Q: 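Would you mind keeping the following structure in view while I ask a few things?
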Amino acid sequence: MTEIVLSDVSKRFRLPDREVTALDGITETFRSGSFTALIGPSGCGKSTLLRLIADVLPPSTGEIRIGNHDPAIARRSHEIGFVFQDASLLPWRTVLDNVSLPIEVAGKAPARDPRALITMVGLAGFEQARPSQLSGGMQQRVAIARALALEPKVLLMDEPFGALDEITRQRMNLELLDIWKASGTTAVLVTHSISEAVFMADTVLVLSANPGRIAHRIHIDLPRPRRLEMMRLPAFNAVENDVRAALFDDGTRVPA
Amino acid sequence: MARAVAEPDARLLPGRYAEAQERLAALRRAIVFAVLLMGTLLLVWAGIIAALDVPHYMAPSPQAVWGALTGEWAVLSKALGFTLRSTLAGMALALVLALVLAALFTFSDLLSRAFLPLIVILRTAPILAIAPLLIMIFGRGQATSVAVVVMVSVVPLMVNAARGFRSAPANVVELMHVCGASWWQTFQKVRLPFAAPYVFTGIRMAAAGAVLSAMLAEWLSGAPGLGTLILEASSFRRLPLMWAGVVISMAASVSLYVVTVQLERKMTR
């Protein structure tokens, strides 16, 4: 079981003339196998929080545990999958070789069959294509397949669908929910879209900026599996409005 | 378990054959253009010599240079071989040195801050001033030529390689880190391939000057290459031979440049 536990985590960045507190006093438990969305104004430290969990950056104070160990150990034992806003593929590698990259790096099992992953994200037949031959949505699917190659226990996504059009985005959302359900990973999604957060997550964490803090926790009680039709239901809109109210309730509102 | 999302069709991707045909046609056009240009220049040259009745001790006609090229081919080709060997050995050595230095600078900011300015300053010192020292160290043979080529080539190669190693997108480097990759794995799988176009730019920049530097070294050391041949032909007023040497050295430079461009195309596809 892979719970992510953050205890009183803060992150400060030193700039030449001053120190900026990006995150302050974050205490949160991401349940094993849960799906959490992080939403908040620009500069609230959402991406930083994700990078702290992934051991890209060290926290300034506080402690992070993934499962029962340190993020650095989780990272080195290949338990973390990361999807960036841009697909970040290697342009000289084929789709198949891009998806296989983490397996090459790890040099061992447990690994999923890259071809099966490519089929799963709907790109069967494109194994030998280069990233430049694919559309943005297809590239992002390759990135997701790559993130899943080592069967990560934790899947961290930094606005993975931010650059996609609305139709592709909703398709990818549904697809991702299926993949998440099947793999049983603990998923954390950073997003700018309120409806995406509500549609995907069990829990939406609303962050406030300067310094980044968790301002609200909103539990989404909509049944699973989620279906696109749900987005028209009054219950869905009600939750959306809750998130919207929480998001605009932290001083970012333009004064009247 | 996953439902098929959209079904894009892989057969719509452009084929390799069509791409190859297009490249071949472009190459043919380039060759025809180059031949026409060279022919025109030669005609203009011969025309001016004939029309203005330029004496042969000022500038030889293309026919005279051609005569020297064919008549003295044995001497010329031997000199060319010497200069080319210095050039290629120097560039190969400079490339290895530059890649190692650039990799070290990518690995450590401290090393970069300590040594980069030193190397750039060393490069700004005129070769003419350092040459006596180099000749004392490396002697009057090929080694001095190689050393001069290395000195002139290593900086553009290194600066470009270092920029190339840093050109890997931050997200990709972070991705490798999250995958648990070692520094070497990231270097070899990500930084090196991303640097390839930059390294080739460096090679092209260095190639343009490498033949000249080898000849410069020969002027200073007297080693038996094209540089020395041109210098001696000039002092004996054997102008056709001198110009034949110039033409050959230019052809060597251009060929080296074309080879690097072709290599770049092959390697960075």
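Note: hydrogens, waters and symmetry copies are ignored here, and every other heavy atom, side chains too, is used. Computed from a predicted structure; not experimentally measured.
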Q: I need the contact set between residues 83-111 of chain B and chain A: heavy-atom distance under 4.5 Å, sorted by residue number.
A: none

Q: Spell out, as yes or no, whether a donor-acceptor pair under 3.5 Å connects the side chain of A/Thr186 to the backbone of A/Glu3.
A: no

Q: Give a yes or no on whether a salt bridge exists between A/Arg93 and A/Glu104, defined as a side-chain N under 4.0 angstrom from a carboxylate O.
A: yes

Q: Whether A/Asp202 and A/Arg224 form a salt bridge (side-chain N of Lys/Arg under 4.0 Å from carboxylate O of Asp/Glu) is what I want to check.
A: yes

Q: With a 4.5 angstrom heavy-atom cut-off, could you sort out which part of A/Leu101 is near chain B: side chain, backbone, both or neither?
A: side chain

Q: Please assess A/Asp165 against A/Thr168 for the test side-chain hydrogen bond (donor to acceptor under 3.5 Å, both in side chains), listing each intermediate value before the final yes or no.
A: CA-CA 6 Å; A/Asp165 63 89; A/Thr168 314; 2.7 Å; yes

Q: Salt bridge or not for A/Arg65 and A/Glu63, using N-O below 4.0 Å?
A: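 Judged by the 4.0 Å cut-off on N to carboxylate O distance, A/Arg65 and A/Glu63 do form a salt bridge.
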
Q: With side-chain contact (heavy atoms from CB on, under 4.5 Å) as the criterion, how do A/Phe13 and A/Thr48 come out once you've worked through the C-alpha distance, each side chain's angles and the decisive distance to 0.1 Å?
A: CA-CA 11 Å; A/Phe13 290 106; A/Thr48 305; 4.0 Å; yes

Q: Please report whether the ring centroid of A/Phe82 lies less than 6.0 Å from that of A/Phe84.
A: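 They qualify: ring centres under 6.0 Å apart.
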
Q: For atom CE of A/Met230, decide whether the heavy atoms of other residues, nucleotides or ligands shown that lie under 6.0 angstrom number more than 12.
A: yes

Q: Given the rule in the salt bridge (charged side-chain N to carboxylate O under 4.0 Å, His left out) test, do A/Asp55 and A/Arg76 qualify, once you have shown the distances and angles that lead to the verdict?
A: CA-CA 10 Å; A/Asp55 189 42; A/Arg76 279 191 228 110; 5.5 Å; no

Q: For residues 156-176 of chain B, give me every residue with a non-hydrogen atom less than 4.5 Å from any non-hydrogen atom of chain A.
A: B/Asn171, B/Val172, B/Glu174, B/Leu175, B/Met176

Q: Tell me whether A/Asp70 contacts the main-chain N or O of A/Ile73 through its side chain, where contact means a donor paired with an acceptor under 3.5 Å.
A: no

Q: Charged N to carboxylate O under 4.0 angstrom, A/Arg51 versus A/Asp158?
A: yes

Q: Given that the side chain runs from C-beta out, which part of A/Pro152 has a heavy atom under 4.5 Å from chain B: side chain, backbone, both or neither?
A: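 For A/Pro152, neither part sits under 4.5 Å from chain B.
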
Q: Is it the side chain or the backbone of A/Glu127 that comes within 4.5 Å of chain B heavy atoms, both, or neither?
A: neither

